[in-house]
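To find a chain, count down the sequence lines: A is the first, B the second, and so on, and within it residues start at 1.
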Amino acid sequence: MNATQLIAWFDAEARELPWRAPGTTPWGVLVSEVMLQQTPVHRVVDVWTEWLARWPRPSSLAAETPGTAVRAWGKLGYPRRALRLHAAATAIAVQHGDVVPDEVDALLALPGIGAYTARAVAAFGYGRRVPVVDTNVRRVLARAMHGLADSGPPSTSRDLSDVTRVLPQAQAARFSAALMELGAVVCTARRPRCGGCPVASDCAWLRAGRPTGNVAARPGQRYAGTDRQVRGLLLDVLRAAADPVPRARLDTVWPDAQQRERCLGSLLLDGLVQQTHDGRFALPGEAPAAITP
DNA sequence: GATCCGTGGTA
DNA sequence: TTACCAAGGAT
């Protein structure tokens, strides 16, 4: 893995994403990384821009209700991320003087910040030399280092060890960003564009003739009819509503009453939904005082 | 380690 | 059209 070559390619070819602009704060980086968890870049751009304009510091988000964060999250998906980001903002404001921590361990202690995001914030927000491992990095290294078509199951310790082996002393954070970019736009899962790859001459997989991986074994994530879909439908009603909605309104989104109740119950347990005193439902913190009949 | 947690673009 | 899957985290 030729770090100089890869970084030069990144300098010339990197996409201009708003959170990569000069002057982006560590808070901006943190927000972008949480939004990008399992979510394509093109869907994040507008929401991130809106969030950073509206809440330029952790304390400005912390001043809002959790429900406001969930509403502003829109349809990015996995709305628990919005709740946890709000909680992380609160923790940063209260416990860290409104300054995003620059150490991995402190970042890991924040809600919604795991092994990837903690290192991404330390690296991209603060320029720290820490290994950053996401799905792109794992795939690129599986091919370039190990000659395999795809990465095996994730193993935090082994993956970190692999990345540490190739991480340069200088410009480590930029190297990691370049590695991720390479996986996102060149060394993709479906149809890798090896013709345009800046490190093709170093690639074990290319050298081996691009062998195919194990075709079998993939559970496949279905969506239609799952609790995730039903939870999404329920929450969509609450996001769109200016006021708490009666249960009857929620009953219209899905025919299976038992599944509906289970999903509503899980949303309440997750703190994504709150019930008012008069029995209606709203996003958390947005339910006004009970209106007595 | 396996499972659950949204959403929508793409081949 | 169906199936895959995109900068993960928590349990």
Problem - Sugar-phosphate, base or nothing in reach of A/Ala189, heavy atoms under 4.0 Å - result: sugar-phosphate

Problem - Between C/dA10 (P) and A/Ile113 (CD1): distance, integer Å - result: 8 Å

Practice task
Could you measure between the two C1' atoms, the one in C/dC4 and the one in B/dG6, and give it in whole Å?
Solution key: 15 Å

Problem - DNA chain B-proximal residues of residues 40-48 of chain A, any heavy atom under 4.0 Å - result: A/His42, A/Arg43

Exercise for the section: Considering just the side-chain nitrogens and oxygens of A/Thr39, establish if one lies under 4.0 Å of OP1 or OP2 belonging to C/dA7. Expected result: no

Enumerate donor-acceptor pairs with a distance under 3.5 Å from any side-chain N or O in residues 49-56 of chain A to protein atoms, sequence neighbours excluded.
from    : atom 1 : to      : atom 2 : distance (Å)
A/Thr49 : OG1    : A/Val45 : O      : 2.9
A/Trp51 : NE1    : A/Ala72 : O      : 3.1
A/Trp55 : NE1    : A/Glu64 : OE2    : 2.9

Completion exercise
Residue set satisfying side chain to side chain contact (heavy atoms under 4.5 Å, CB included) with A/Arg190, at least two apart, ordered chain then number -> none

Exercise for the section: Please name all residues satisfying side chain to side chain contact (heavy atoms under 4.5 Å, CB included) with A/Ser161, sequence neighbours left out, ordered by chain then number. Expected result: A/Arg165

Handout entry: Rounded interatomic separation in angstrom, taking CD from A/Gln38 and C1' from B/dC5
Key = 10 Å

Please table the atom pairs, donor to acceptor, closer than 3.5 Å between any side-chain atom in residues 102-114 of chain A and protein atoms at least two apart or in another chain.
none

Exercise for the section: Could you give the distance separating C/dA10 and B/dG1 at their C1' atoms, to the nearest angstrom? Expected result: 13 Å

Exercise for the section: Check DNA chain C against residues 132-142 of chain A and give the residues with a non-hydrogen atom under 4.0 Å, in numerical order. Expected result: A/Asp134, A/Thr135, A/Asn136

Problem - Nearest-Å distance once atom P is located in both B/dG9 and C/dG9 - result: 24 Å

Problem - Inter- and intrachain pairs under side-chain hydrogen bond (donor to acceptor under 3.5 Å, both in side chains), touching residues 121-134 of chain A, at least two apart - result: A/Asp134-A/Asn136

Exercise for the section: Check each residue of residues 260-271 of chain A for a non-hydrogen atom within less than 4.0 Å of any atom in DNA chain C, then write out the ones that pass by number, or none. Expected result: none

Tabulate below the donor-acceptor pairs under 3.5 Å that side-chain atoms of residues 230-238 of chain A make, not counting sequence neighbours, or state none.
from     : atom 1 : to       : atom 2 : distance (Å)
A/Arg231 : NH1    : A/Ser266 : OG     : 2.7
A/Arg231 : NH1    : A/Asp270 : OD2    : 3.0
A/Arg231 : NH2    : A/Asp270 : OD2    : 2.8
A/Asp236 : OD1    : A/Arg239 : NH2    : 3.1

Practice task
With a 4.0 Å heavy-atom cut-off, tell me which residues in residues 3-19 of chain A come close to DNA chain C, sorted by residue number.
Solution key: A/Arg15, A/Leu17, A/Trp19

Exercise for the section: Look at all strands and tell whether A/Arg191 reaches a base, only sugar-phosphate, or nothing, counting heavy atoms closer than 4.0 Å. Expected result: nothing

Exercise for the section: Kindly write out the residues that satisfy salt bridge (charged side-chain N to carboxylate O under 4.0 Å, His left out) with A/Arg174, not counting sequence neighbours, or none if the list is empty. Expected result: A/Asp11

Practice task
Check whether any side-chain N or O of A/Arg138 sits under 3.5 Å from a backbone N or O of A/Ser151 as a donor-acceptor pair, and report yes or no.
Solution key: no

Handout entry: By side chain to side chain contact (heavy atoms under 4.5 Å, CB included) - contacts of A/Thr65 (at least two apart)
Key = A/Thr68, A/Glu286

